[in-house]
Amino acid sequence: MASDPGWVVAERRLSSSAVAQVMRVRPFRRLWLVLGLSSLGDWLGLLATSAFASAQMSSPVAQGATFGGVIVVQLLPSLFLGPLGGVLADRFDRRRAMVVVDVARFLLFASIPAAAVVVDNPGLVVGWAGVASFAAQLGAMVWNPAKDAAVPNLLPRDRLEIANQLTLITTYGVTPVLAALAFSAAARMPSVGRTDAAAYALYFDALTFLTSAAVVFFGVPEISGRAGAAERARESFREAVGTGWRYMSRSRLLRGLIAGVLGSFAGAGTVVGAARFYSRSLGGGDAAFGLLFGGLFVGFGLGVLAGPTISGWLSRRLTFGLAVQLAGVAVVLLSITTRLAIALAEVVVVGIGAGAALLYGVTIMGAEVDDAVRGRVFAVVQTSAKAVLLLATAMSSTLAGVTSFGSRLLYAAAGCCGVVVGAIAVHQMSERPGVSLRRILRDATGRGRPRL
């Protein structure tokens, strides 16, 4: 595939006119509304289900264990069953699959507070909350890759980046805040019998999924009717899994992209997991930890918003690899920084690199992966990234306390790995194999147009 021409790069910026052009595409506008509702439901469901289940317990220890247990239950499907959801997203009509999943999630989340009214046994109520949450997340494993794989079929290729910026900001910036506000509003409502704040939030959460199902079914028929449906229907489940893995393993582009995404998420997980110990090494406490944690997500949002502007004339492939390396270099600098103000700026840079890498990774997958296997690719990348993020966070939080310099040693190691992984991504994804990165950058910046 040829490099992005200059006029495409100029159009990448998230300007009001570019956003307006994307939002004028009615199918995407409605799918974006559905994404907002579903993301709001996911975040609110995570908060409300955990709070509801823990409220069924009487002792503080049991409440804490229940709260954490429900969160773990909601994460398990994505870690172990995510790639299979991508197979289903490719195998069946995406519109019907999304509708079925949303209706199922409506029933599941509404049943959690209803169970407390019908059953007078806290243990059974908590058990059902776990079962319902697990089942809802199984559905999400199909819904998310089906949505991501459908977006490129609704828009011109040169508008995919703008669309991905909007969806990432909605998913990780707007809806978490709205979910927190909705949960806080529910907390102010008076309890009626066993219907308390968490129950109100769960009923509202259920309605978001029902609304999403209605919008997809009646408002976005363009998601259906993909080419090759008959061939996919004849393909066995095992063959579908094998086809997806072979496609990814044989593609240099996807090998580099997956390595880069996993490397950036591992670095971000290490930063988060060891941040509490690192803040102590700076002479700060929980306040410093909060600043570092917030700075990472501020940088993530800036990376999504400003990534296209920063990249200038560079192609998406090259910018992706360089963004991973940028995050790695910033993590290395964190390991030798002794002042909080400087560390906060470096954490923001880590977030910028991770945000830009995710934006370009999603855009590249949407633009350059065949529609027939796109759902499987999205599912593998998304679930692998989440697994690496959680594993890196858990391991780094444990290892950071081994020595007084544990967090700094981890940051140094993770940063160096990020730089190496970014270089691997640049090499694997390069459209000019054998040409040095210095030559590519000189050609791209010195002649006013990309030669990537």
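When reading the values below, keep in mind they use all heavy atoms of this one structure, side chains included, and skip hydrogens, waters and symmetry mates.
For residues 96-107, the set of pairs meeting the salt bridge (Lys or Arg N to Asp or Glu O under 4.0 Å) definition, not counting sequence neighbours, comprises D42-R105, D102-R105.
Annotation: side chain of L160 is not in contact with side chain of Q165 (no heavy-atom distance under 4.5 Å). Residues Y360 and N164 fail the side-chain proximity criterion, which asks for heavy atoms closer than 4.5 Å. Using a 4.5 Å cut-off on side-chain heavy atoms (C-beta onward), V331 and T270 make no contact. For the pair L40 and F204, the minimum side-chain heavy-atom distance is below 4.5 Å. Using a 4.5 Å cut-off on side-chain heavy atoms (C-beta onward), H427 and R252 make contact. Taking the side chain as every heavy atom from C-beta outward, P27 and V25 approach each other to under 4.5 Å. R95 has its side chain out of reach of V220: every pair of non-hydrogen atoms, C-beta onward, lies at least 4.5 Å apart. Looking only at side-chain heavy atoms (C-beta outward), V22 and L166 come within less than 4.5 Å of each other.
In terms of heavy atoms, A97 sits closest to V142 at CB-CG1, 4.2 Å. Among all heavy-atom pairs drawn from T208 and G41, the shortest one is OG1-CA, 3.5 Å. Minimum heavy-atom separation, V324 to A357: CG2-CB, 3.9 Å. Considering every non-hydrogen atom in both L410 and A274, the closest pair reads CD1-CB, 4.4 Å. The shortest heavy-atom contact between T175 and S39 is OG1-CB, 3.4 Å. Shortest non-hydrogen contact noted between G328 and V419 is C-CG2, 3.9 Å.
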(request) Check step by step if side chain to side chain contact (heavy atoms under 4.5 Å, CB included) holds for F209 and S38. (result) CA-CA 6 Å; F209 291 115; S38 182; 4.0 Å; yes

(message) side chain to side chain contact (heavy atoms under 4.5 Å, CB included), that's the test. Do M365 and L257 meet it? Break it down for me.
(response) CA-CA 9 Å; M365 284 190 289; L257 189 146; 4.1 Å; yes

(request) Carefully, step by step, assess L358 and V304 under the rule side chain to side chain contact (heavy atoms under 4.5 Å, CB included). (result) CA-CA 8 Å; L358 183 59; V304 172; 5.9 Å; no

(request) Show the numbers, then the answer: is there a side chain to side chain contact (heavy atoms under 4.5 Å, CB included) between W32 and M23? (result) CA-CA 9 Å; W32 176 73; M23 295 302 287; 3.4 Å; yes

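Within the 3.5 Å criterion, the main-chain N or O of V261 finds a donor-acceptor partner in the side chain of S264. Side chain of R30 to backbone of G219: a donor-acceptor contact under 3.5 angstrom is found.
With rounding to the nearest 0.5 Å, the separation of NZ in K147 from OG in S212 is 11.0 Å. A distance of 13.5 Å separates CD1 in I424 from CD1 in I258, rounded to the nearest 0.5 Å. If you take CZ on F109 and CG on L207, they are separated by 12.5 Å, rounding to the nearest 0.5 Å. Separating the CH2 atom in W143 from the CG atom in D148 is a distance of 8.5 Å, to the nearest 0.5 Å. The line from CG of L334 to CD of E346 is 5.0 Å long, rounded to the nearest 0.5 Å. With values rounded to the nearest 0.5 angstrom, L296 atom CG is found 10.5 Å from L344 atom CG.
By the side chain to side chain contact (heavy atoms under 4.5 Å, CB included) test, L340 is found to be paired with L282, A288, L291, L292, residues two or more places apart in sequence or in another chain being considered. The ring-ring contact (aromatic ring centres under 6.0 Å, His included) search around Y278 returns Y411, not counting sequence neighbours. With sequence neighbours left out, F265 forms a ring-ring contact (aromatic ring centres under 6.0 Å, His included) with no residue at all. Not a single side chain to side chain donor-acceptor pair (under 3.5 Å) links S335 to another residue, sequence neighbours left out. In this view, R255 and Q428 satisfy the side chain to side chain donor-acceptor pair (under 3.5 Å) rule, not counting sequence neighbours.
With a 6.0 Å cutoff to the six-membered ring centre and a 45° limit on the axis angle, R317 does not count as a cation-pi contact of F320.
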